[in-house]
Amino acid sequence: DWTYQGERQSNGNDSRMTWHGDEGFVFEFDMGRGDGGFEKLWIYRTSDGDSFKRHYTYELPKFAPRRGSLFFVGDQAYFLLPRNGYGRKSNAKPSVGYVKGELGTSSPPYRKWTWKDIDEVIYSPQVVHLPGKGVFVVTELRNPKRHTALCRLNIEDGSLTELLDFGDLRREQTGVDPRAQNLGGSHIPPGLAVHEGHIWMSYCSGRSVKVRKIAIQ
């Protein structure tokens with residue numbers, strides 16, 4: 001019984017809108033200069049879903065972010081941020097690739113954030129809070145090999161506990177890159193939502209879209 005409400009204009013080039021009460025949040029990454037490694041994370045705020053104002057800027061100390069997920073637990077805001085070893089500030093060798101991610105935390109009015117490293121290499125996470133059950137993330141993991149998994153996320157220390165292994169889904173989660181349509185597909189994270197006490201996950205498989213209804217015990 002869900003219906004499509006139409007597209008919303010968004011400044012966020014790498015973000016789905018996250019609503020908290022009457023306010024929505026999107027984010028984008030500043031691509032910087034030189035080798036194209038992202039230099040900044042920008043969070044924008046909206047009250048109507050159409051007009052946005054820049055609300056927060058995170059100057060990346062090193063490494064380049066790759067997608068991410070902004071979510072709330074109560075009035076506390078969190079940001080799960082993957083990172084890549086390429087990027088002008090990283091001083092990493094070209095072969096380093098992905099490095100351990102970060103977890104950001106903020107209290108109202110969400111203009112000051114604290115960041116800490118997590119002990120996982122992640123890619124393209126989507127996070128939801130299931131009241132009474134905890135916080136859960138669908139993300140790509142690299143240990144022992146690349147695969148997409150549903151994990152329980154400990155928001156105190158950023159640790160992940162893997163619950164379900166979906167195999168390697170990345171190659172099938174592609175769509176048009178709005179910033180460079182001539183370059184082909186851009187990886188799209190699986191959809192994730194909470195509805196009637198269950199987690200709902202949508203993703204591409206072959207030429208079809210599949211939906212999983214997941215009960216958390």
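These numbers come from the heavy atoms of this one structure, side chains and all, not from hydrogens, waters or symmetry mates. Model, not experiment: these values are computed from the prediction.
- A distance-only check finds no donor-acceptor pair linking the side chain of T18 to the backbone of F71 [under 3.5 Å].
- Salt bridge status for D157 with K116: absent, with no side-chain N to carboxylate O gap under 4.0 Å.
- Using a 4.5 Å cut-off on side-chain heavy atoms (C-beta onward), S124 and V138 make no contact.
- Rounding to the nearest 0.5 Å gives a distance of 7.5 Å between SG of C151 and CD of E120.
- Under a 3.5 Å cut-off, the side chain of S106 and the backbone N or O of K112 do form a donor-acceptor pair.
- A distance of 10.5 Å separates CD in E140 from CD1 in I122, rounded to the nearest 0.5 Å.
- A continuous path of ILVMFWY side-chain contacts below 4.5 Å connects Y110 to F29, so both sit in one hydrophobic cluster.
- Side-chain contact between L160 and L141 is present, with at least one heavy-atom pair separated by less than 4.5 Å.
- A side-chain donor from one of E102 and Y58 sits under 3.5 Å from a side-chain acceptor of the other.
- Summarising the geometry, atom CG belonging to L41 is positioned 5.5 Å from atom CH2 belonging to W115; distances are rounded to the nearest 0.5 Å.
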- Start with the C-alpha distance between R16 and Q126, add both sets of side-chain angles, then the distance that settles side-chain contact (heavy atoms from CB on, under 4.5 Å), and finish with yes or no. CA-CA 10 Å; R16 296 164 179 161; Q126 286 295 327; 3.3 Å; yes
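- Proximity of D75 to H20: side-chain heavy atoms (C-beta onward) are separated by under 4.5 Å at one or more points.
- Neither L80 nor W19 shares a network with the other; the hydrophobic side chains, linked directly or stepwise wherever heavy atoms of I, L, V, M, F, W or Y lie under 4.5 Å apart, form separate groups for each.
- A donor-acceptor distance shorter than 3.5 angstrom exists from the side chain of W200 to the backbone of H195, with no hydrogens or angles considered.
- A heavy-atom distance below 4.5 Å is found between the side chains of T46 and M17.
- Exactly one residue among R146, H147, K145 makes a side-chain hydrogen bond (donor to acceptor under 3.5 Å, both in side chains) with D168. That residue is R146.
- Contact detail for T148 and R170: the closest heavy-atom pair is OG1-N, 4.4 Å.
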- Query: Hey, mind stepping through L150 and F136 against side-chain contact (heavy atoms from CB on, under 4.5 Å) and telling me if it holds?
  - Reply: CA-CA 7 Å; L150 172 70; F136 300 88; 4.1 Å; yes
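- No single ILVMFWY cluster, assembled from side-chain heavy atoms under 4.5 Å apart, contains both V194 and I155.
- Here the shortest heavy-atom pairing between K100 and V121 reads N-CG2, 4.0 Å.
- With no hydrogens or angles considered, no side-chain donor-acceptor pair links E23 and H55 at under 3.5 Å.
- Under the 4.5 Å side-chain criterion, counting only non-hydrogen atoms from C-beta, L192 is in contact with I199.
- The minimum heavy-atom distance between L81 and R67, with the atom names listed, is CD1-O, 3.8 Å.
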- Task: Determine, stepwise, if the pair F72 / H129 fulfils side-chain contact (heavy atoms from CB on, under 4.5 Å).
- Result: CA-CA 7 Å; F72 290 84; H129 174 222; over 6 Å; no
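- The CD1 atom of I216 lies 9.0 Å from the NE2 atom of H198; values are rounded to the nearest 0.5 Å.
- Using a 3.5 Å distance cut-off with no hydrogens or angles, the side chains of Q76 and S107 do pair a donor with an acceptor.
- For R212 and Y203, the positive end is not near the middle of the six-membered ring at less than 6.0 Å and at most 45° from its axis.
- If you take OG1 on T105 and CH2 on W113, they are separated by 7.5 Å, rounding to the nearest 0.5 Å.
- A continuous path of ILVMFWY side-chain contacts below 4.5 Å connects L103 to V73, so both sit in one hydrophobic cluster.
- Linking Ile, Leu, Val, Met, Phe, Trp and Tyr whenever their side-chain heavy atoms come within less than 4.5 Å leaves Y78 and V128 in two separate clusters.
- Atom CG of D22 sits in a sparse spot, with 12 or fewer heavy atoms from other residues, nucleotides or ligands closer than 6.0 Å.
- Residues E59 and K40 form a side-chain contact, since some pair of their non-hydrogen atoms from C-beta on lies under 4.5 Å apart.
- A donor-acceptor pair shorter than 3.5 Å cannot be found between the side chains of Y56 and R45.
- Once rounded to the nearest 0.5 Å, the distance linking CD of E162 with OG1 of T139 reads 10.5 Å.
- Screening Y44, F52, W42, F79 against F27 for a ring pair (Phe, Tyr, Trp, His ring centres under 6.0 Å) leaves a single residue, F79.
- Summarising the geometry of G68 relative to P82, their closest heavy-atom pair is CA-CD, 3.7 Å, with the distance given to 0.1 Å.
- Two residues are said to be in side-chain contact when any heavy atoms from C-beta on lie closer than 4.5 Å; K53 and S51 fail this criterion.
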